[in-house]
Amino acid sequence: MGLKVYNSLNNEMEVFEPLQAGKVNMYVCGPTVYNYIHIGNARSIVAFDTIRRYLEYLGYDVNYVSNFTDVDDKMIKAAKEDGITVPEVADKFIKAYFEDTKALNVEPATLNPRATENIPDIIKFVQALIDQGYAYSIDGDVYYRARKFKTYGELGHEDLDTLESGASQHVSADELAKKEDPIDFALWKKAKPDEISWDSPWGKGRPGWHIECSVMSTKYLGDTFDIHGGGIDLEFPHHENERAQSEAKTGKRFVNYWLHNGFVTVGDDDEKMSKSLGNFVTVHDLIKKIDPQVLRFMMSTTQYRRPIRFSQAGLDEATANLKKLQTAYTNLEYRLKDAEEDGDPKVDQEIRQLQADFQDAMDDDFNVQNGIAKVYEIAKLGNVYAERPFVFKETIELIMQRLKQLSSIFGIELSATAFNDADVEKLIAERNQARADHNFQRSDEIRDELKEQGIVLEDTSQGTRFRRENKR
RNA sequence: GGCGGUAUAGCCAAGUGGUAAGGCAGAGGUCUGCAAAACCUUCAUCGUCGGUUCAAAUCCGACUACCGCCUCCA
């Protein structure tokens with residue numbers, strides 16, 4: 001069948017064909033690092049990490065670049081409030097970013113460039129736009145002539161006249177006075193006294209918000225690359241402006257596939273979670289209370305374009321499903337010790353079919369809901385198989401391997417229990433003797449004792465087994 | 001106002017013409033000394049109204065509700 005993705009540029013499903021066979025270059029807009037990431041940021045990070053993992057599952061070599069915006073108005077404000085420098089604010093929250101995303105089992109990007117590390121390239125890029133007539137400097141600022149870029153508005157699906165009337169209401173009079181056209185946007189901003197700044201041909205200043213992404217993406221991925229991702233709120237104007245800047249400069253198509261993730265919503269009104277609305281929960285705080293794997297699982301099993309309603313019910317459901325997968329894995333693992341060599345061709349075939357179904361689902365614009373349904377079917381098949389009186393080792397291992405492999409696409413690491421704790425085995429033996437003697441008081445005592453240590457006993461037709469309960 | 005999205009059981013959620021996947025919760029059952037785990041069974045006519053069709057959740061029209069973008073934002 002082959003992978004199809006929904007391209008925001010034309011709002012249509014398209015067959016995914018990377019520029020270079022077997023290789024995918026993708027860029028995902030990262031956060032402005034003036035605070036801990038909230039779960040809306042995490043959603044985007046997880047969505048594209050899951051997409052990346054699936055591309056890797058398909059065999060693509062993925063070059064994954066995601067930036068940090070480490071200088072802008074909010075960074076400056078945060079630094080002033082805390083009495084530290086802008087780079088200090090950035091360092092603090094970039095460090096936290098890596099801690100939080102690691103907890104969510106996000107694969108590290110190939111590269112995480114920072115805006116401030118690319119200032120010379122940004123200046124060159126802006127100068128090129130001025131030279132080509134796409135930008136103009138005025139009083140230390142540089143603006144982009146949006147109207148000159150003939151397809152401006154195409155990505156945002158907006159027409160210029162509508163934009164103009166909208167823009168004029170929100171732009172400050174001061175800024176409006178400098179701009180040739182209200183829809184023009186800043187490439188370079190003149191520094192106010194005491195603000196962090198860099199020297200440039202237009203005086204001391206700093207980059208505008210959109211230019212850094214154009215510069216860093218084309219610098220590290222080429223003038224044209226395969227996938228550009230980010231939240232749906234970035235589609236316009238941020239990505240529109242990136243497109244305008246990049247295509248004006250290079251004369252080439254900037255991005256082949258634009259992918260935009262939906263929001264995390266909260267409350268009875270399903271309101272968007274965002275820093276500006278102040279209704280956000282940071283990952284930093286949340287994972288003190290809940291298992292980060294649960295959060296990861298909840299996010300990665302919702303299709304990236306759909307909104308995620310953040311709720312206790314959603315977390316509970318994710319907890320139950322996550323446990324179900326791990327339990328199935330453990331149930332199979334337990335049977336390895338008495339499994340016979342060889343495999344069961346019929347069951348093996350069923351597993352392979354389910355995996356093919358999984359892939360068909362995921363190929364449809366990363367339809368994770370249909371995908372995970374197939375993983376649940378594999379888990380169920382595994383549970384049924386594990387209850388058979390006689391089982392084959394190769395089949396057990398095949399099911400376990402597939403469960404683990406497919407779960408990992410969702411960022412879930414199923415783990416082995418390792419049933420070989422001599423002290424526990426000794427107590428189990430004692431308990432089974434007690435049970436044989438019908439001394440149930442003693443047998444329950446032993447079970448309670450082990451439970452205190454986080455070890456749960458389960459009696460099966462193949463004997464008693466134990467597993468370690470997740471503390472959270 | 002312009003543009004885009006969504007509306008399926010208590011909840012989450014698949015499903016673009018042929019009589020509603022999957023999961024959570026619930027109910028009943030099997031197994032078990034008890035329990036746990038697992039498995040089995042059970043649980044909807046698809047926002048409203050109208051139209052097209054032998055046949056529609058799926059196509060067309062109208063309407064309603066909610067969300068988002070157009071301004072910093074994943």
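All chains are named by letter (A, B, ...) in the order of the sequence lines, taking the proteins before the strands, and each is independently numbered beginning at 1.
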Any Lys/Arg nitrogen of R147(A) or D181(A) sitting under 4.0 Å from an Asp/Glu carboxylate oxygen of the other? yes
Considering only the P atoms, how many Å lie between C40(B) and G23(B), rounded to the nearest integer? 9 Å
Can you tell me which nucleotide in A14(B), C69(B), C39(B) comes closest to the side chain of D233(A)? C69(B)
So do T319(A) and D291(A) actually touch side chain to side chain, heavy atoms under 4.5 Å? no
Between the protein and nucleotides 5-11 of chain B, which nitrogen or oxygen pairs come in under 3.5 angstrom?
none

Any donor-acceptor N/O pair under 3.5 Å between G2(B) base and D161(A) side chain: no
Among A37(B), A74(B), A21(B), the nucleotide that comes nearest once only the side chain of R465(A) is considered: A37(B)
For U32(B), the nucleotide meeting Watson-Crick or G-U wobble distances (both under 3.5 Å) is none
Between C59(B) and G15(B) - C1' atom distance, rounded Å: 16 Å
Ranking G68(B), C70(B), G23(B) by distance to the side chain of P237(A), first place goes to C70(B)
Rounded to the nearest Å, what distance is computed from the NZ atom of residue K272(A) to the C1' atom of nucleotide C67(B)? 11 Å
Does D316(A) reach a base, just sugar-phosphate, or nothing at all? Heavy atoms under 4.0 Å. nothing
Output yes when R352(A) and D357(A) qualify as a salt bridge under the 4.0 Å nitrogen-oxygen rule, no when they do not. no
When you compare C46(B) with A14(B), how far apart are their C1' atoms, in angstrom units rounded to a whole number? 12 Å
A21(B) versus U16(B) - spacing of their P atoms, nearest Å: 13 Å
For a quick check of understanding: with a heavy-atom distance under 4.0 Å over all strands, which category does N367(A) fall into, base, sugar-phosphate or nothing? sugar-phosphate
Phosphate contact (A74(B) OP1 or OP2) by N41(A) side-chain N/O below 4.0 Å: yes
Of F48(A) and D459(A), the one whose nearest nucleotide on RNA chain B sits closer to the 5' end is D459(A)
Could you tell me the Watson-Crick or G-U partner of A37(B), where both distances fall under 3.5 Å? Say none if there is no partner. none
Could you tell me if the ring centre of F93(A) sits under 6.0 Å from that of Y34(A)? no
Round to the nearest Å and state the distance from I37(A) atom CD1 to A74(B) atom C1'. 10 Å
With a non-hydrogen cut-off below 4.0 angstrom, is F440(A) in contact with a base, only sugar-phosphate, or nothing? base
Are H239(A) and H260(A) an aromatic pair by the rule of ring centers under 6.0 Å? yes
Could you check how far OH of Y334(A) sits from P of A38(B), rounded to whole Å? 16 Å
Please tell me which of the listed nucleotides, C69(B), G2(B), G23(B), lies nearest to the side chain of F263(A)? C69(B)
By the 4.0 Å heavy-atom rule, please label G229(A) as base, sugar-phosphate, or nothing. nothing
Do E242(A) and S246(A) pair up side chain to side chain, a donor and an acceptor below 3.5 Å, judged on atom types alone? no
Can you check whether E154(A)'s main-chain N or O pairs, donor with acceptor, with H157(A)'s side chain at less than 3.5 Å? yes
Under a 3.5 Å cut-off for both distances, is U48(B) Watson-Crick or wobble paired, and to whom? A62(B)
Whether over 12 other heavy atoms sit under 6.0 Å from E81(A) CD: yes
Side-chain donor/acceptor contact of S276(A) with base of C72(B) under 3.5 Å: yes
Remember a base hit wins even if backbone is also touched, and classify I45(A) as base, sugar-phosphate or nothing at under 4.0 Å, heavy atoms. nothing
Which whole-number value in Å describes the distance from F236(A) CZ to G2(B) C1'? 12 Å
Can you find a donor-acceptor N/O pair under 3.5 angstrom joining the side chain of R447(A) to the base of A36(B)? no
Ignoring hydrogens and geometry beyond distance, is a side-chain donor-acceptor pair present between Q355(A) and Q405(A) at under 3.5 Å? yes
What is the nucleic acid contact for E377(A), judged by heavy atoms within less than 4.0 Å: base, sugar-phosphate only, or nothing? nothing
A57(B): pairing nucleotide in any strand, Watson-Crick or G-U under 3.5 angstrom: none
Identify whether any heavy atom of N370(A) sits under 4.0 Å from a base atom; if not, whether one sits that close to sugar-phosphate; answer base, sugar-phosphate or nothing. base
Base, sugar-phosphate, or nothing: which does S274(A) touch, judged by heavy atoms less than 4.0 Å apart? base
Checking C24(B), A74(B), C39(B) against the side chain of H38(A) (C-beta onward), the nearest is A74(B)
Heavy-atom donor-acceptor pair, R442(A) side-chain to G33(B) base, under 3.5 Å: no
For A74(B) and C70(B), measure between their P atoms and round to the nearest Å. 12 Å
Nucleotides 40-43 of chain B: which of its N/O atoms have a protein N/O under 3.5 Å away?
{"unit_1": "C40(B)", "atom_1": "OP2", "unit_2": "K380(A)", "atom_2": "NZ", "d": "3.3"}

Please measure how far the C1' atom in U64(B) lies from the corresponding atom in G26(B), and state the result in whole Å. 32 Å
Side chains of N41(A) and Y36(A): do they bring a donor and an acceptor to under 3.5 Å? no
For G68(B), which nucleotide is its Watson-Crick or G-U wobble mate, given both distances must be under 3.5 Å? C3(B)
Do E158(A) side-chain and G2(B) base share a donor-acceptor contact under 3.5 Å? yes
Here the distance between atom C1' of C69(B) and atom CH2 of W258(A), to the nearest Å, is 16 Å
Using a cut-off of strictly less than 4.0 Å, decide whether N331(A) has a side-chain nitrogen or oxygen near OP1 or OP2 of A37(B). no
When rounded to whole Å, the CZ to C1' distance for the pair R468(A) and A36(B) reads 17 Å
So, OP1 or OP2 of C24(B): does either fall under 4.0 Å of a side-chain N or O from K324(A)? yes
Decide yes or no for L221(A) and Y64(A): does some side-chain heavy atom of the first lie under 4.5 Å from some side-chain heavy atom of the second? no
Checking all strands, does V28(A) fall into the base, sugar-phosphate, or nothing category for heavy-atom contacts under 4.0 angstrom? nothing
Assign R431(A) to base, sugar-phosphate, or nothing according to its heavy-atom contacts below 4.0 angstrom with the strands shown. base
Please state the C1' separation for the pair A20(B) and G61(B) - nearest whole angstrom. 25 Å
Is the Lys NZ or Arg CZ of R305(A) less than 6.0 Å from the centre of Y6(A)'s six-membered ring, within 45° of the axis? yes
Please determine whether the number of non-hydrogen atoms from other residues, nucleotides or ligands lying under 6.0 Å from atom NZ of K393(A) exceeds 12. no
Find the distance E458(A):CD to A37(B):P and express it as a whole number of Å. 7 Å
RNA chain B nearest-nucleotide lookup for M273(A) and T302(A): closer to the 5′ end is T302(A)
So what does G40(A) hit on the nucleic acid, given a heavy-atom distance under 4.0 Å: a base, only sugar-phosphate, or nothing? base
Would K324(A) count as a cation-pi partner of Y376(A), with NZ or CZ less than 6.0 Å from the six-membered ring centre and within 45° of the ring normal? yes
What is the distance, rounded to the nearest whole Å, between atom CG of L277(A) and atom P of G68(B)? 8 Å
Taking only the P atom of each, what is the distance from A9(B) to A13(B) in whole angstrom? 11 Å
